[in-house]
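In what follows, a single structure is set out as structure tokens and then discussed.
Small disclaimer: the values here were computed from a predicted structure and weren't measured.
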Amino acid sequence: MKVFLKDGREQFVLCHVEIQSNKGRGDLAERMFRYFYRIWDRYKVPITAIAILADENKGYRPVVYSQEFMGTSLRYDFNSYKILDQEESELRANENPFSVIVLTALLAVVNKKVTDEGLKEIKHDLYDEMMKRKMDKDTRQGLYDYH
């Protein structure tokens, strides 16, 4: 994306977003680094990265990839956002439309073993949440399509 700095200059920035819903092979940090260097190699513009962790493992929090061999070392730090760390009440109070998406993800993680009837209730609750926020039809549809 193109952004304008406070001094008025334009700057191109790439944002690498990785969403992971389970621990998998535990190689997320390495993948984050691999994608970083591939993006850098191709575009040579500033890159920011965030891993959105939508898993149910409270202790899984990769934020760094490092390696060392014979005096040569490398450390790559990246941002992470753990869905389980979010508070349902705060998400409901947040007017940002994206908070509905995070709320949906949180409810999906917390209610992983819910029945079909329970899922239906969650969906109705989320619809009510969007209506309470007075979201227009296109925004609501966009959020439904995003899920």
Side-chain angles (χ1 to χ4, degrees), residues 1-116 118-119 121-123 125-127 129-130 132-133 135-136 138-147:
M1 71 181 101
K2 179 171 60 172
V3 297
F4 292 93
L5 304 176
K6 288 182 179 181
D7 65 8
R9 292 182 294 138
E10 28 177 82
Q11 174 74 54
F12 285 93
V13 177
L14 292 175
C15 183
H16 168 214
V17 178
E18 189 83 16
I19 302 171
Q20 184 156 313
S21 61
N22 61 46
K23 185 177 178 182
R25 296 179 297 199
D27 64 344
L28 176 65
E30 181 181 346
R31 269 197 340 271
M32 293 294 290
F33 171 67
R34 190 176 326 120
Y35 294 149
F36 170 83
Y37 75 71
R38 287 178 179 172
I39 293 167
W40 174 258
D41 192 44
R42 181 165 183 182
Y43 298 105
K44 303 236 182 344
V45 297
I47 304 163
T48 187
I50 184 166
I52 299 174
L53 306 171
D55 61 281
E56 57 191 26
N57 183 339
K58 290 184 180 191
Y60 182 62
R61 297 172 181 279
V63 293
V64 65
Y65 171 75
S66 63
Q67 60 174 267
E68 185 173 346
F69 182 70
M70 296 180 68
T72 299
S73 64
L74 171 82
R75 180 181 170 100
Y76 172 66
D77 295 274
F78 54 92
N79 302 295
S80 70
Y81 181 86
K82 187 79 171 183
I83 298 290
L84 274 179
D85 289 346
Q86 309 316 304
E87 292 291 332
E88 181 178 342
S89 59
E90 289 179 19
L91 292 169
R92 289 185 185 277
N94 189 329
E95 294 182 17
N96 186 325
F98 193 73
S99 66
V100 175
I101 293 171
V102 177
L103 176 62
T104 302
L106 176 63
L107 293 175
V109 171
V110 171
N111 298 295
K112 200 163 205 140
K113 296 177 182 170
V114 74
T115 64
D116 286 346
L119 286 173
E121 288 177 29
I122 290 170
K123 188 172 183 177
D125 178 48
L126 291 169
Y127 178 81
E129 188 68 40
M130 289 188 285
K132 181 177 85 176
R133 295 166 185 243
M135 290 183 179
D136 62 67
D138 290 339
T139 302
R140 290 193 315 266
Q141 189 62 51
L143 291 175
Y144 273 125
D145 292 345
Y146 185 81
H147 296 141

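Minimum interatomic distance between Ile83 and Ala105 (heavy atoms only, all atoms of both residues): CG2-C, 3.9 Å. Nearest heavy-atom pair, Pro46 versus Trp40, reported as atom, atom and distance to 0.1 Å: N-CZ3, 4.5 Å. Nearest heavy-atom pair, Ala54 versus Val109, reported as atom, atom and distance to 0.1 Å: O-CG2, 3.2 Å.
Counting heavy atoms from C-beta on, the side chains of Val102 and Asn94 never come closer than 4.5 Å. Within the 4.5 Å cutoff, the side chain of Glu88 has heavy atoms near those of the Leu107 side chain. Asp41 has its side chain within reach of Lys44: a pair of non-hydrogen atoms, C-beta onward, lies under 4.5 Å apart. By the 4.5 Å heavy-atom criterion applied to side chains, Val45 and Ile39 are not counted as neighbours. Counting heavy atoms from C-beta outward, Cys15 and Val17 have side chains that approach closer than 4.5 Å.
Note that the OH atom of Tyr65 and the CE atom of Met32 stand 13.5 Å from one another [nearest 0.5 Å]. One finds the CD1 atom of Ile101 at 13.5 Å from the CG atom of Leu106 (value rounded to the nearest 0.5 Å). Taking OG1 from Thr48 and CZ from Phe36, the interatomic distance works out to 10.0 Å, rounded to the nearest 0.5 Å. To the nearest 0.5 angstrom, Glu30 atom CD is 10.5 Å from Tyr35 atom OH. Rounding to the nearest 0.5 Å gives a distance of 14.0 Å between CZ of Phe33 and CG of Asp27. In this structure, CD1 in Ile52 is found 11.5 Å from CD in Gln20, a value given to the nearest 0.5 Å.
No donor-acceptor distance shorter than 3.5 angstrom exists from the side chain of Asp55 to the backbone of Ser21, with no hydrogens or angles considered. Counting only distance, with no hydrogens or angles, the side chain of Lys82 and the backbone of Tyr60 share a donor-acceptor pair below 3.5 Å.
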Would you sort out whether Asp85 and Lys58 count as a salt bridge (charged side-chain N to carboxylate O under 4.0 Å, His left out), showing the intermediate values?
CA-CA 8 Å; Asp85 289 346; Lys58 290 184 180 191; over 6 Å; no
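Under a cut-off of 6.0 angstrom, the local environment of OH in Tyr81 is crowded, with over 12 non-hydrogen atoms contributed by other residues, nucleotides or ligands.
None of Val63, Leu28, Ile50 except one satisfies the side-chain contact (heavy atoms from CB on, under 4.5 Å) rule with Ser80; the exception is Val63.
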